[in-house]
Each structure stands twice: as structure tokens, then as C-alpha cells.
Amino acid sequence: MPLSNLNPEQYQAATTTHPYNLIIAGAGTGKTSTIVARIAYLLQQGVDPKKILLLTFTNKAAQEMIGRVEKRFSLKAKEIEAGTFHAISYRWLKESNPKLVLKPPKDLLQLFESVYQERKFLGFNNKPYAASTLFELYSLYQNSEFNLSFGEWLAKRSPEQEEFKEIIDDMIQEYEEIKEEYGFLSFNDLLLKATQLKDKKEFVEVLVDEYQDTNNLQAKFLESLKFNSLFCVGDYDQSIYAFNGANIEIIANFKYTYPNAKIFNLSKNYRSTSYILSLANKVISNNKRLYPKKLEVMRKEKPIPPKLLVFDTLSTQYEEIAKLIKSSPTPKSQIAILFRNNSSAEGIEVALKKQGISCKRRGGNSFFTLREVKAVFDLVSILLHPQDVISFLNILEYAQGIGKNRAKEIFDGLITCGEGDLKKGLIDPLPLENPFKKKARNPQLALFDDLVQLKSKKAINPVLLHPHLTPEGEIFILELRRLFLEVSSISNPQKFLKFLFDSKIIETISIKLAKQRARLKDGLIDSIKFQQNLGKIEGRFRLLLNLTKDYKDIHRFYNAIVLGSSEISQGEGVELLTVHASKGLEFEEVYVIDLMEERFPNLKLASRDGSLEEERRLFYVAVTRAKKILYLSYAKRDVAKKKTFTPSRFLKEAGFKVG
DNA sequence: GTGTGTGCCGTTTTT
DNA sequence: CGGCACACAC
């Protein structure tokens, strides 16, 4: 019974009848239980589950909560609309326009860069930002600003960029037009477009988890919803997404935004021991307080004091911690190693392996950004969305002798032959003599080109007449044609991928990558390494096949991966996480490593646009993941990089005598 | 103009 | 590992 296990504070919140509710839930105060109980309460009151919307920060959090509701209300739980802001938006948008293509940020950056490169930034006093910087800032802008143009917003933020205002706005306009033309959507577009949807469903209640990390765009999305009541849960001390536009004012101003808002406070901490909690509180009290908050420790057993570990070098830190973990009686799945920057992960992972300890790593960039894995998704995307130039170019560039420009020429040629449709261009092309736009300034040369092309008769596809097409490029195009013809009947993702893995394209790509990775200093290829690499690549393909198991439809699989690939974790055992990824989780035993000035707090960021307070909140989140045992550690030197470190200021704030 | 190979650089956090 | 600059080949 979800409701009967609650304490009075939680119960009050879970059974509220007010329209606007904010639940301030400090670390470990049973936030998830309260949300689950709230949903149970609504269902008990006879609310139609379809009219409950649960918005979370990760898909995993949504699944976990729904899973817990399921134990009590098995059928109804599945009907609740639950997911991240992005996943929900995508679901709604797809209903009205099935042709939309969700693209990963990296692909869109490629497009952004190509638009950027065509602009001439000449004759100015300052240097414009690099394309990648602008791309990131544009994302931040989309998440936080709705009145100014991007150029204006940028000029306000960085006055020296003022002179580029017009050129940047013009560039953005072109970038947006291209995205529109091809139907590409970014993560931000999901929310922007879903916010504008008319005739949205009406909800009885909307629940928002991790409310402190809401940004202006998400707030706007919430405003666009129709509902009877709102149930927001958060803790301002755990707001750690400022870089993504998270606006702490939103939670701070809740009572002004929503008249007659009711604020509940959950103050009983069930997670951590008194030592851990008081350490966390000591540090966070250095931040300006929005309003007083005191957590009451509910764990009664004799606590173990948090321990500071000091090491001479980075590598001894990793090695010694691995040894400590090896000898720890805590079950490995209840141990987590947390770090500020992903760059800490590799060292510790290697050290654990050396001790024979298996680990689980999240923030799956590692797997899904592998080139062979990316290639599979590019190929899937081409087949599912024939208008996807970006993926087409990515794939075609694997063919020997084809680079960016020729790939684009071929794509345009196929589009011309297909009267705007790539699939038609491949399968049933117009029999054009020269599908390629002639840049020729010399008409005679162009004529000559045509004559040469006419010599190769009986081409299946006019595009194969491209003057620079290599045999391998030809194979790619013919193979793609075959895939289009044969794959259309397959919707099962496992069959779909198996089919792709047998294709000539995937074979060529695998061989190319395996060779690249087996190349020795002298340029020769180590054949043993080559075979091993091929094996590794095939292993990754098998892993991908395994991932398809939970999905019935290839479209769904593709979308789920783009939306949630970073949540998929690999392996079993000790968890290796960034502090950001650890949000909402808890472990018996926690190691927070690499606690050095510059690294944690990350001073580069704190001085730029983040703040030291945000870094401090990150530290607070990190230590409050621990239930019973907490280790904090730092190293004095990095031997490889010849750097010396000073211990993190947070250690001093926590009461340790350091430096 | 276009593609390929080599050497050197740095590396924030997420949907 | 990926991005970038550079030299070299067609």
C-alpha cells in the first residue's frame, strides 16, 4: 500500500487537494515514494490514468516510478503518460507529423558547421566564436530566451560579439530553414514544437520530478499544458543543470507564479547517516540560502565517519581505491564511484579491471559514439527517413574516394533523379543523362563531360555516371538500393539489424575501421590486430542486436536510442558515474574522487558562466548519494601531465584539515 | 578542386 | 579518440 508507508509530511503532500503544489524534498527524504504514493492516491480517487502526466528528467526515473505503481495497479499504471519532457514531446509530435526525424546533436552540429563555414567573418575587430561554441550557446539560448533574437542575446551576454549580431541571426535562419526542409528535429525543437501544439490533451494532474532543474523552455512547456492540478517535486540544493539553462528562480518563485500555491516540506532523511548528512550540510551552508532547510536524520545505527583519502599521484589514487573496493564487504552493486568530469572514468576503470572487479558505466557516449555503432544508426536512419542527408553523407564517406563534396553531389543527383525523393532516386530514377548540376563555366567542357558519361551505357541508375565515382562508391549505391527494396517489409528491429549486418556496406565499413585501428606507426597493418578489431566490431553489433529485444518496431528502437542512449549502462558491479548522472540514485558506499581545485570545483566553468555555488551543489549531490560509507579522495600530482594539485576547497568546507 | 594520410592537440556536465 | 592543419596525389 503506497500510502500507508508514508510519514505525516509525505502523506499530507501525497493527498493534497490543492491545485498548485510544490514539494520541497531534500536529499533522501523519500521523494520517489511520495510521487508514487501521489499517483496511487489519484488512481484510488478514480482518476483516469490516461489523464495523469508524469514528467521526469530521465526515462529511467519514469520507468522506475511507473514500475512501482504497477505493483499495486498493474493495468492502470501502463496507461499513465510518463517520460522525460523530450520523450513526451516527441510522442505527441509524431502523432501529428510522422515524417519528423530526430537527430542527435552531433549530426546537427555538422549541419551547423557547414552553414557557418559559408559565412565570411571578415573585417571585424574581434574574433567570432567557433562554430561548436556558437552551437552550444544556441542550445542554451533556445532553452532560456524567447524574446531576444539569438544574435541580440549573444551580444548582451558577450558584448565583443555584438558586431556579429546580424550575420549570426542570418546564419541561424538558414540553419533553421535547412532543418525544416529535411524535417530534422533537435532535442530543443521537440520542446519548442510541442509547446506550440494546439488542442493538447487535458490532464487531471501533471507531476514534475526534479523541478529544480527545470529551465525556461520546460517551464513554458508546462504553461502550455491544460490541467486541473500540478504537483512539482524538487530541491534547490540539487539544482545542477545551469549549463542547460536550468533556472533556480523557477522553483524559488513557484508561490508567485501560481497564486494560492501550497508548499510542502519533506524534512526527514531516511538515506544517510548523521555524519554524512552533517558533512553535506556544512558544505552547502556556504551557499546563499533561499530559505532555511533542516534535514532530520532518521537512521539510528552507529554511523561511520566519512574518510578523506590523500594520494601522491593520480594513478596511485585509482589503484588504491580499487584495492579498497576489492576488500570491502559491501556488495559491489551497492558501491559507486563518482567524479565531476568524465575524464576521471578511464583511469579508475582500468584500475578496477586490474583488480578483477567488474564495473558498470553509464553516460553511454562511449558505446553509441563508436564509429561502427554510429554507422549502423546512420544506415537505419537513411532507410527509415530517406530525406536524411546527414546520415547519407556520413555513410557514403566510408567509400574509398568519396569525401564530403562528392557525397553531396551524389545525394543531390539521386534527389534530382527521384524528383525530390531519395528512395525513388535509387529504385526508380528518371533516366536523366546528367543528373548532376553543372557548375561548368565552360559549356564545351560540360558537353564533353556528357559525352564521356554517355559511353557507359545501360546504367541501372544515372547517378552511377558520376565522373569520379569509385567502384566502391558504386557498390555502396547499389547496395543501398537493394536495402531499400528489401527492408521495407521488415519492422522487427532485430531482423532489421541482422539484415543490415549482412550487407556489403556494413562489411566494408567494418573492414575499414578495423584496418584503421590496426595501423602501426610505419603505416603497415598488423594482421592479428586487424582480426581482433573485426571481432570487437562484430561483438558490438551483437550487443546492438541484444538491445533491440525490448522493442517491437524499428522506428521505436531508433527513437529510443536517440532519446535515451546515455541512460543505457553496460556491465554489472561497481557503478562509475558522473555526479550529474548520479542524480536520484543512492548507494551504501560512495567514493567521490579527484577532489582537486580546478577539477572539482571545475573552476574553468565556475569563472565562465556556471558558478561556484553550482559546483557546491554538485558536491552536495555527490555526497548525499551515500547511505552509510563515504570516502572523499584527491591526488597531489599528475605524473604524466607534470601537474601538481591543491585539494578542493570543498574538503576544507567539509571540515577536513587539508593543504 | 578534391581526397587521403600524418602528426599534434585537448577533453564539462545531459535530454 | 576526434578535430584540425598540413603536405601530397589525382
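On a predicted model such as this, the values are computed, not experimentally measured, just so you know.
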Could you tell me whether A:Lys353 and A:Glu349 have a side-chain N and a carboxylate O separated by less than 4.0 Å?
yes
Sequence neighbours excluded, which residues qualify as side-chain contact (heavy atoms from CB on, under 4.5 Å) partners of A:Thr644?
A:Arg637
What's the [atom1]-[atom2] distance between [X] and [N], to the nearest Å?
X        : N      : atom1 : atom2 : answer
A:Leu192 : B:dT15 : CG    : C1'   : 13 Å
A:Leu191 : B:dT15 : CG    : C1'   : 9 Å
A:Asp189 : B:dT15 : CG    : P     : 18 Å
A:Phe135 : B:dT14 : CZ    : C1'   : 13 Å
A:Asn342 : B:dT13 : CG    : P     : 4 Å
A:Leu577 : B:dT12 : CG    : P     : 19 Å
A:Leu55  : B:dT15 : CG    : P     : 15 Å
A:Asp209 : B:dT15 : CG    : C1'   : 14 Å

For [X], what residues pass the side-chain hydrogen bond (donor to acceptor under 3.5 Å, both in side chains) criterion, not counting sequence neighbours?
X        : answer
A:Lys200 : A:Ser224
A:Gln110 : A:Asn394
A:Arg540 : A:Glu372
A:Tyr591 : A:Glu589

Name the nucleic acid region contacted by A:Tyr241, choosing base, sugar-phosphate or nothing; use a 4.0 angstrom heavy-atom cut-off, strictly under.
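Sugar-phosphate: the residue A:Tyr241, judged by heavy atoms under 4.0 Å, touches backbone atoms but no base.
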Just checking A:Ser132: base, sugar-phosphate only, or nothing, at a heavy-atom cut-off of under 4.0 Å?
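Counting heavy atoms under 4.0 Å across all strands, no contact is made by A:Ser132.
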Does any residue of residues 210-223 of chain A have a heavy atom under 4.0 Å from DNA chain B, and if so, which ones, in number order?
none
All ring pair (Phe, Tyr, Trp, His ring centres under 6.0 Å) counterparts of A:Phe221, not counting sequence neighbours
A:Phe85, A:Trp92
Report the residues that fulfil ring pair (Phe, Tyr, Trp, His ring centres under 6.0 Å) with A:Tyr211, sequence neighbours left out, ordered by chain and then residue number.
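Residues passing ring pair (Phe, Tyr, Trp, His ring centres under 6.0 Å) with A:Tyr211: A:Phe254.
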With a 4.0 Å cutoff (strictly under), does any side-chain N or O of A:Asn244 reach OP1 or OP2 of B:dT15?
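Result: no.
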B:dT4 phosphate, OP1 or OP2, under 4.0 Å from A:Gln400 side-chain N/O:
yes
Write out a two-atom table: protein N or O, nucleotide N or O from nucleotides 1-10 of chain C, distance below 3.5 Å.
unit_1, atom_1, unit_2, atom_2, d
C:dC1, OP1, A:Arg517, NE, 3.4

Starting at the 5' end of DNA chain B and moving along, which residue's nearest nucleotide shows up first, A:Glu397 or A:Phe85?
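Per heavy-atom nearest nucleotide, the more 5' residue is A:Glu397.
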In terms of the nearest nucleotide of DNA chain B, which residue is placed more toward the 5' end: A:Gly403 or A:Leu618?
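By nearest-heavy-atom nucleotide position, the 5'-most residue is A:Gly403.
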Listed nucleotide nearest any side-chain atom of A:Arg406, set B:dG3, B:dT4, B:dT14:
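For the A:Arg406 side chain, the nearest candidate turns out to be B:dG3.
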Measuring from the side chain of A:Glu409 (C-beta onward, heavy atoms only), which nucleotide among B:dT12, B:dT15, B:dT2 has the closest atom?
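Among the listed nucleotides, the one closest to the side chain of A:Glu409 is B:dT2.
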Please work out which of the three classes, parallel, tilted or perpendicular, describes the rings of A:Phe150 and A:Tyr141, given edges at 30° and 60°.
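It falls in the tilted class, 30° to 60°.
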How are the rings of A:Tyr241 and A:Phe57 set to each other: parallel, tilted or perpendicular (split at 30° and 60°)?
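A:Tyr241 vs A:Phe57 ring planes: tilted.
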